[in-house]
Amino acid sequence: MKIDNILSSLEAKHPGESEYLQAVKEVLVSIEEVYNEHPEFEKHRIIERLVEPDRIFTFKVPWVDDQGQIQVNIGYRVQFNNTIGPYKGGIRFHASVNLSSLKFLGFEQTFKNALTTLPMGGAKGGSDFSPKGKSSAEIMRFCQAFMLELWRNIGPDTDVPAGDIGVGAREIGYLYGMYKKLARENTGTFTGKGLEYGGSLVRPEATGYGALYFVNEILKAKNIDIKGKTIAISGFGNVAWGAALKAVELGGKVVTISGPDGYIYDADGISGEKIDYMLELRNSGEDIVAPYAEKYPNSKFFAGKKPWEQKVDIALPCAIQNELNKQDAELLVSNSVTCVAEVSNMGCTAEAVDYFIEKKILFAPGKAVNAGGVATSGLEMSQNAMHIQWSAEEVDSRLHQIMINIHQQCIEHGKEKDGYINYVKGANIAGFMKVARAMIAQGVI
Ligand code: 2IT
């Protein structure tokens, strides 16, 4: 494999799709060695076939706002790869959404889903619609208009969407309601549904819980106890919330959260009702964290800054791609950070990742760390298919086991000669090998 050739041809075909090219490059660099050890991969042109999505739907989403004005957004669904199971992946509503970001997310999802041990292919969808400041009625009309286009292309055994940034329980309710009305079936073509209509216990918490189970495995492998460790979290949405809950439960001390307006540092620790308050902040629809400092005067708000400037033991980016850059990485390392785990998808820039690995920091990539979210979606699909509901304990223990298993796969494929675990390499190789072998088995399709 000639990585440079593949990348330059991709760049020529898809100019300007920087996130997508970044995600592809990371995987290619990681797998180059094993790829070249297996001539059958080259023979079957696995890389050339794997880097392009199976298909992409792009559609117009016209809707009417509360003032009676017509608004137009763009909707997408990128069905990336269904080699090991039905297309599966979230829907993102955020002003930054474009083809590049959804292709990167769909590409990552393919490997992440392979790591979960469950039979799910990779997909991602979304819209450049920003829920910020929108009323519930507007959100409902937008979701309905979005689904009016998408419903024909999804189904319980073809493509199962879920939430992502900007798509939570409320949006999934509206999207699923419209899907069901149009498709006239009730098989659960969506995960993250409400508990009353086929949702799974622990799905809301799953991404954050899974991430902390994974972080705990990383630390345990180095005989480090998470108890008493200080933790910087970015973001204040569903993922940050679940991560904070489990971090506190395991004995860690969460000292930051952040929003687009800046970050909060709370030396007393963010626990108990303060974590509930995160949800309140999120539900206000304003997308700001500053009010936290008014409510809890011992904490401090840093306008326009990122939490990575604080001295902490563990850093958990939980917001959005490329939210932690090389400068941030240098700050964290100079403050003796022990572990950095991406909970957001591709939370760190390529330069930041390289720097952490060069400095032998315990660093783990999003596709391993945050896989508990989609894994629990897979468990929701199983429950829907069986028409039953598992208890919270049942789901949680399966989730925990899956995260331990993913960690094991990373060690197996990422352990270097000096004993350092390169989790980026480990996760990429483990995910790739599974998908590649299945592609070969299924022929040229
Ligand atoms: O990035 C992700 O893994 C998700 N947004 C969850 C996807 C899912 O299908 O649960």
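Treat the numbers as computed from the prediction; the structure is a model and nothing was measured. Order of listing sets the numbers, starting from 1, for every ligand and every atom in it.
- Listed by number with element, the atoms of ligand 1 under 4.0 angstrom from any heavy atom of Lys124 are 1 (O), 2 (C), 4 (C), 5 (N).
- Here's the thing with Asn345: one of its N/O atoms is less than 3.5 angstrom from an N/O atom of ligand 1.
- Under the 3.5 Å distance criterion, with hydrogens and angles disregarded, a donor-acceptor pair is assigned to the side chains of Glu323 and Ser344.
- The atoms of ligand 1 that sit less than 4.0 Å from any heavy atom of Asp164 are 1 (O), 4 (C), 5 (N).
- Geometrically, Arg398 engages Trp390 in a cation-pi contact defined by less than 6.0 Å to the ring centre and at most 45° from the axis.
- For ligand 1, the atoms sitting less than 4.0 Å from at least one non-hydrogen atom of Gln109 are 1 (O), 2 (C), 3 (O), 7 (C), numbered in the order shown with element in parentheses.
- Which parts of ligand 1 touch Ser377 is read off a 4.0 Å heavy-atom cut-off, strictly below it: atoms 8 (C), 9 (O), 10 (O).
- Nearest protein neighbour of atom 9 (O) of ligand 1, counting heavy atoms only, is Lys88 NZ, 2.6 Å.
- The closest heavy-atom contact to atom 6 (C) of ligand 1, among the options Arg203, Lys112, Arg92, comes from Arg203.
- Using the six-membered ring where Trp is involved, Tyr176 and Tyr179 have ring planes that are parallel, under 30° apart on the 30 and 60° scheme.
- Looking at Ala162, Gly366, Gly163, it is Ala162 that brings a heavy atom closest to atom 8 (C) of ligand 1.
- A donor and an acceptor atom, one from each side chain of Thr191 and Lys88, are located under 3.5 Å apart.
- Both tests pass for Lys246 against the ring of Tyr209: distance under 6.0 Å to the centre and angle within 45° of the axis.
- Protein heavy atom in closest approach to atom 7 (C) of ligand 1: Gly90 N, 3.5 Å.
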query = Stepwise, does the side chain to side chain contact (heavy atoms under 4.5 Å, CB included) test hold for Asp159 with Asn153?
reply = CA-CA 7 Å; Asp159 184 351; Asn153 302 313; 5.9 Å; no

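- A donor-acceptor pair shorter than 3.5 Å cannot be found between the side chains of Asn322 and Glu19.
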